[in-house]
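For reference, the structure discussed in these notes is given below.
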2 protein chains.
Amino acid sequence: MIEMYLLEQLLAFSQCGTLSAASEKLHVSQPALSHSMQKLEELMGVPLFERTKNRIALNENGKLTADCAAKILEQEREMIERVRLLDQSRRTITLGACAPVPVADLVPILSRVYSGMTIASEIRNSDEELLAGLEKNQYQILVLHEKPEGEELYFEAYREEHLMLQLPENHPLSAKEQLYLQEIDGQNLLLYTKIGFWYELCRQKLPNAHFLMMNEFDAFGEVAGAGAFPSFVTEAAAGGELPEGRKAIPILDEEANVTYYCVCAKKDKKRFEPLYQELRRFEKHSDR
Amino acid sequence: MIEMYLLEQLLAFSQCGTLSAASEKLHVSQPALSHSMQKLEELMGVPLFERTKNRIALNENGKLTADCAAKILEQEREMIERVRLLDQSRRTITLGACAPVPVADLVPILSRVYSGMTIASEIRNSDEELLAGLEKNQYQILVLHEKPEGEELYFEAYREEHLMLQLPENHPLSAKEQLYLQEIDGQNLLLYTKIGFWYELCRQKLPNAHFLMMNEFDAFGEVAGAGAFPSFVTEAAAGGELPEGRKAIPILDEEANVTYYCVCAKKDKKRFEPLYQELRRFEKHSDR
DNA sequence: CCGTATTACGCTAGCCGTAATGATG
DNA sequence: CATCATTACGGCTAGCGTAATACGG
């Protein structure tokens, strides 16, 4: 059996050209390497080196051996990486969500119900991306804003979210009790960027609006609460509270009033039953 | 660094199911294996086993590791095999010949001129096969009975061979001084099988002859020298001597009188120059 | 002479085996 | 109590380092 350390040492020698250089690279002594190469040669059963009195170099056999050794070492590295990745994925539940609110909803529940597991989450703009990720086991749980189709999928609706326009009370539109998105197309609008599918909705329904993008949430919150620009808010994100001197006007477009579906692979239904139980009690919880 | 012996032990365990069974298979003690698996687990950095108090089994991580281990061990085996094969080929000159006489000619010369090298030889019926073998480095030297074509090839003609029909003196045909193959088509003919291209020639020019095939040379020699059947002989094979009461009649067909060409790859011309020098003196040598 | 490879020699880490312990059906 | 895994302990192999030797540009 030819052990890995021999292959590693051979490879180092083949890269360095001399035993002394390789010995420095590997932090071992020259004689140790010399011995190892002799041992390797013996184990292989064929000469691997051209030796002169104070020079040693790989012959054809040795070059082939070094090439193979590189492949084997690479494969060993790959094995470790793959197994560690598998292990990581086995102890992680990754949530893929179409919007930030479901992340805020589910991550605490997941952390509580699956204590000991790492909970990760990502927000993606398109449901297709999310479903593809579920397929590849990149995500184990999804939250979508439309009913998914697929024989392999299990899902339950668990909450709704309703978009509103938040305005200063002195804003011209603030007299309205309700409005459609097209009525504010062309306006300047403050927008937080990490909002998943909402972003696509805005680009689509407000093609002429001027968006002021902010990707820091705290900064966004300040400007939205104090500045002169209208911004979006929902009952879920606001938590029932509006900043002083602000008004929130419901938006009537169908697409702006969504139902969230919590999705998993059917084979995982049993595993995630505790999560779904929690979600069925979600309205009561969110009353708190 | 995860050493090979650990992977081998893991693989054995994965095949055997229990440490004790694996320990027998590997001729090591159970505790040794137990230790090794703990060490492997530590090196991988992730759990590989489901342990109950007196049972141990691979978990998902472990199964993946075992699969990878099998591949790595296989690759190690393959490396050794490939290098040994390369070494063998580096110290072997393999002659590919179209007939037995060139083998008898060249092998002694090669052995003398390239002492220390192993000399191997094969007889193939078709020149195409031989040329393909040269291409693949399966052969380093060829002897063909026709001039080869190819930019990469070097060759020299070195001798001729002339086919004759050997007969009992009382055979009806023995009166002839010379003949064409078609004159003996339909006869019973004794044939030694390992004669390379001659065999194809016979099948082609004597489609109606009845061949008595013999693949043991000694037995063939006896029957050919003593029996009632005609057989083929050449000046090269007979060495100038005919058995008592036999006659050899020259065959006039062009294909039955061949010139042998000694072929090598152009890149090897220098290496085989000593061989060609010997072959240029071949007529003198063969006079001995 | 300095750089390089090999040989000699002694140390020690680590691998293995035996024995003992614990757990399970 | 038979089987299997783990722990404990001690021995021995073999890989390593230091020192010495040899060779070459």
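Letters A, B, ... are given to chains in the order of the sequence lines, protein chains preceding strands, and every chain is numbered from 1. Basis for what follows: all heavy atoms, side chains included, without hydrogens, waters or symmetry-related copies. Owing to the predicted nature of the structure, the values given are computational and were not obtained by experimental measurement.
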Would you mind writing out the side-chain donor-acceptor pairs for residues 139-152 of chain A within the sub-3.5 Å range, not counting sequence neighbours?
residue, atom, partner, partner atom, Å
A:Tyr139, OH, A:Glu122, OE1, 2.7
A:Tyr139, OH, A:Arg124, NH1, 3.2
A:Gln140, OE1, A:Thr94, N, 2.8
A:Gln140, NE2, A:Asn137, O, 2.9
A:Gln140, NE2, A:Asn137, OD1, 3.3

Cut-off 3.5 Å, no hydrogens considered: what does the side-chain donor-acceptor table look like for residues 10-23 of chain B, sequence neighbours left out?
residue, atom, partner, partner atom, Å
B:Ser14, OG, B:Leu11, O, 3.4
B:Gln15, OE1, B:Lys25, NZ, 2.9
B:Thr18, OG1, B:Ser20, OG, 3.4
B:Thr18, OG1, B:Ala21, N, 3.0
B:Ser23, OG, B:Ser20, O, 2.6

For the pair B:Phe272 and B:Tyr114, evaluate ring pair (Phe, Tyr, Trp, His ring centres under 6.0 Å) and give the outcome as yes or no after the intermediate values.
CA-CA 9 Å; B:Phe272 289 122; B:Tyr114 301 94; 5.8 Å; yes
List the steps and the verdict of ring pair (Phe, Tyr, Trp, His ring centres under 6.0 Å) for A:Tyr154 and A:Tyr276.
CA-CA 11 Å; A:Tyr154 177 79; A:Tyr276 283 109; 5.1 Å; yes
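Contacts of B:Ser36 with the nucleic acid, taken as non-hydrogen atoms under 4.0 Å apart, involve only primed sugar atoms and P, OP1 or OP2. Residue contacts shown for B:Ser29 include a base, since a base heavy atom lies under 4.0 Å away. Among the protein residues, B:Gln9 comes within range of the sugar-phosphate backbone only, with heavy atoms under 4.0 Å from sugar or phosphate atoms but none that close to a base. Within the nucleic acid shown, A:Gln38 comes within 4.0 Å of sugar-phosphate atoms alone, with no base atom in reach, counting heavy atoms only.
Comparing A:Phe13 and B:His27, the nucleotide of DNA chain C nearest to each residue sits closer to the 5' end for A:Phe13. In terms of position along DNA chain D, the nucleotide closest to A:Val28 lies nearer the 5' end than the nucleotide closest to the other residue of the pair A:Val28 and A:Lys53.
Rounded to an integer number of Å, the gap from CG of A:Leu33 to P of D:dT18 is 14 Å. Between B:Arg55 atom CZ and D:dA2 atom C1' the separation is 14 Å, expressed in whole Å. In this structure, A:Tyr5 places its OH atom 13 Å from P of C:dG14, rounding to the nearest Å. Atom-to-atom, CG of A:Leu43 to C1' of D:dG15 comes out at 13 Å; the value is rounded to the nearest Å. In this structure, the CD atom of A:Gln30 is 13 Å from the C1' atom of C:dT7, given to the nearest Å. Taking atom CD on A:Glu24 and atom P on C:dG3, their separation rounds to 11 Å, with Å as the unit. In this entry the distance linking CG of A:Asn54 with C1' of C:dC1 reads 13 Å, nearest Å.
Under 4.0 angstrom from either OP1 or OP2 of C:dG3 there lies no side-chain N or O belonging to A:Ser20. The side chain of A:Lys39 places an N or O atom within less than 4.0 Å of a non-bridging phosphate oxygen (OP1 or OP2) of D:dG15. At the phosphate of D:dA5, neither OP1 nor OP2 sits under 4.0 Å from any side-chain N or O atom of B:Ser34.
Comparing D:dC16, C:dA19, D:dA5 by their nearest atom to the side chain of B:Pro31 picks out C:dA19. Here the nucleotide nearest the side chain of B:Thr18, chosen from D:dT6, D:dC4, C:dG3, is D:dC4.
By the 4.5 Å heavy-atom criterion applied to side chains, B:Lys39 and B:His35 are not counted as neighbours.
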